[in-house]
2 protein chains.
Amino acid sequence: MARLLRVAAAQMGPTQRAEPRPVTLARLVALLERAAQQGAQLVVFPELAFTTFFPRWLLEGAELEGYYERAMPNPAVQALFDRARELGIGFYVGYAELTPDGQHFNSAITVGPDGAILGKYRKVHLPGSVEPRDGARFQQLEKRYFEYGDLGFPAFRGAEAWHRPVMGMLVCNDRRWPEAWRVYGLQDVELMVMGYNSAAYDPNGGTSENEEIRTFHSNIAVQANAYMNATWAVSVAKAGNEDGSGLIGSSIIVDPNGVIVAQAQSLGDEVLVAEIDLDAVRQGKDKMFHFASHRRPDHYRRIVDQVGAEAPR
Amino acid sequence: MARLLRVAAAQMGPTQRAEPRPVTLARLVALLERAAQQGAQLVVFPELAFTTFFPRWLLEGAELEGYYERAMPNPAVQALFDRARELGIGFYVGYAELTPDGQHFNSAITVGPDGAILGKYRKVHLPGSVEPRDGARFQQLEKRYFEYGDLGFPAFRGAEAWHRPVMGMLVCNDRRWPEAWRVYGLQDVELMVMGYNSAAYDPNGGTSENEEIRTFHSNIAVQANAYMNATWAVSVAKAGNEDGSGLIGSSIIVDPNGVIVAQAQSLGDEVLVAEIDLDAVRQGKDKMFHFASHRRPDHYRRIVDQVGAEAPR
């Protein structure tokens, strides 16, 4: 018997720095409602979905503090949680987390159709730098504004109404790291969900990678890792031009063969819905990627014994 | 200054079980000469290039023994080594290895332009089974005919004339395993070479995966792993119909962005040549995939601590 689930990718267009937070939240609620109209049971929003991608600026004081959530939910986002529960829909959403003891993380949660938080994740693979680059118009300061995620890659069970899929979360740059996918694969993951804000070009004028190749990178990383771990994946962009800095789109829903079954066509607010059969993961998990039969961890030691690359002489 | 190298993928069409070994060897020499005419300095041949893909049959005695090489080179393959040295070309070739103490491996070597063996690899990820499947027309008995590779994933330096690239070898199914690529990535690999014999469809009549999807799998695994490890890759098929069992083609040369720069168009003997700039790996290795800056091995422990998948409750 097929285990069917209707999932949605709720891509967001740009969120300008000056956009009031209630306006942004209303966009999330509108996307949720559009997904509900198409029967979606689980909606995936982007990384840092409640605000602009603020690590592109060197900030301090009240503006910087205003980007973090001190609890989840909280009054500024409660309307999204309330509407989702009314509609009986769950969601993944990325946000900047400030803990009671003062730690900062680039986090994501998955909320069930009853409003309960089913899983939480803190981004492990932070790109960028701690110190700003002199003279650059745009920064990438994730290593300054966030600590490295301290929860590992914790798989969890989705809701009963979703057929309790084994789920895993990533945030943005994590999707390019096969280690992250494999740790979830080793927990038998059936559905990976992730949001991202990925530069469409060098915002400071470099020309080494254009929008086309960056979109291609985003797609093949998700496609191949979904295939190699025999899992469904929903990967969702915040897209378009945020205050002069471009972000790629190409939100996708990918099957366990690595095939794209739905793909965003715009750089704006856009909803993709697909009905997925969770049991489609079995072909890969039981045969080509039956890990217990084929993996040889004795030969993988460098993956944990070494951080950087070391070339032979 | 660019570090340029002309590489060739020497795809082979099918080798029937009845084809005399000297005929097969003459095909390899002809492919080598075609590559030389196009200026190639390094030619990549398939897995088990000297024979048919014999693990598809349950065999014993003299026929089985005849498929293994007891030394490399040996009189049956010497003509290839001699011609390559005359032409000043190096090559990767896959073969069935029988060691003096009676061990069997699915191996590959890379030979330099002077005929010296620069590197050796024994396939780690053996697919198939030890025991034959009752009633099946075709078997996949690699786990019966070979022991698991015992050399790990040893990167090595290519020849001076090739600008001493850091090289890594895989064999067939290994290319679908991100752990294998990452262990080479952690040795700063610049050029991955591999050969394969991959079924185009279920030779026993199953319909779950057709030739198109199997070819797609082969391509995206190589493309994404090349991208995620910022390396060039040359992946070469034995293709076509071997005694009623179909093999995919799609030999490819892939750049460090994961983009295919050359791709076979046939299922027969075919040579692809590309001039590659080894320094093109720097963009990825110095930035997005600068491992020392971004990897978090503490969170990767499951990759070595666990063989099979373990689902959360």
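Each chain gets a letter, A, B and so on, in the order its sequence line appears, and its residues count up from 1. Computed over heavy atoms, backbone and side chain alike; hydrogens, waters and symmetry mates excluded.
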[X] versus chain B, the contacting section by heavy-atom distance below 4.5 Å:
X	result
Val166(A)	side chain
Glu190(A)	neither
Asp150(A)	backbone
Val259(A)	both
Ile303(A)	both
Asn225(A)	side chain
Gln283(A)	side chain

Exercise for the section: Inspect the surroundings of CD in Gln103(B) and state if more than 12 heavy atoms from other residues, nucleotides or ligands are less than 6.0 Å away. Expected result: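 Counting other residues, nucleotides and ligands, CD of Gln103(B) exceeds 12 neighbours.
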Handout entry: Arg133(B) atom CZ, neighbour heavy-atom count above 12 within 6.0 Å
Key =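 Result for CZ/Arg133(B): open.
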Problem - From CZ (Arg296(B)) to CG (Asp174(A)), nearest 0.5 Å - result: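 Here the rounded value is 11.5 Å.
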Problem - Arg122(A) CZ to His299(B) NE2 distance, which is reported to the nearest 0.5 Å - result: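 Taking CZ in Arg122(A) and NE2 in His299(B), the distance rounds to 11.0 Å.
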Which pair of non-hydrogen atoms, one from [X] and one from [Y], has the smallest distance, and what is that distance?
X	Y	result
Met228(B)	Pro178(A)	SD-CD, 3.6 Å
Gly185(B)	Ala309(A)	O-CB, 3.7 Å
Met288(B)	Trp177(A)	O-CZ2, 3.5 Å
Glu209(B)	Asn257(A)	OE2-OD1, 3.9 Å
Gly258(B)	Ile220(A)	CA-CD1, 4.3 Å
Arg157(A)	Ala311(B)	NH2-CB, 4.0 Å

Exercise for the section: Determine, for Tyr300(A) and Arg182(B), whether the Lys NZ or Arg CZ falls below 6.0 Å from the six-membered ring centre while staying within 45 degrees of the axis. Expected result: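 No, a cation-pi geometry is absent between Arg182(B) and Tyr300(A).
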Exercise for the section: Report yes or no: is the cationic atom of Arg176(B) (NZ for Lys, CZ for Arg) under 6.0 Å from the centre of the six-membered ring of Phe289(A), at an angle within 45° of the ring normal? Expected result: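 Cation-pi check for Arg176(B) and Phe289(A): fails.
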Exercise for the section: Return the option, out of Arg302(B), Gln223(B), Arg301(B), Glu179(B), with the maximum number of heavy-atom pairs under 4.5 Å with chain A. Expected result: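 Of Arg302(B), Gln223(B), Arg301(B), Glu179(B), Glu179(B) has the most heavy-atom pairs under 4.5 Å with chain A.
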Practice task
Sort out for me which of Arg295(B), Lys285(B), His290(B), Arg164(B) touches chain A most, counting heavy-atom pairs under 4.5 Å.
Solution key: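 When all of Arg295(B), Lys285(B), His290(B), Arg164(B) are compared, Arg295(B) has the most.
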Handout entry: Check: Asp188(B) main-chain N/O paired with Glu310(A) side-chain donor or acceptor under 3.5 Å
Key =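 No, Glu310(A) side chain to Asp188(B) backbone: no donor-acceptor pair under 3.5 Å.
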Handout entry: Sidechain-backbone polar pair: Lys143(B) side chain, Ser293(A) backbone, donor-acceptor under 3.5 Å
Key =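 Pair found, side chain donor or acceptor close to backbone of Ser293(A).
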Practice task
Classify the ring geometry between Tyr227(A) and His217(B) as parallel (under 30°), tilted (30 to 60°) or perpendicular (over 60°).
Solution key: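 Rings of Tyr227(A) and His217(B): parallel, under 30°.
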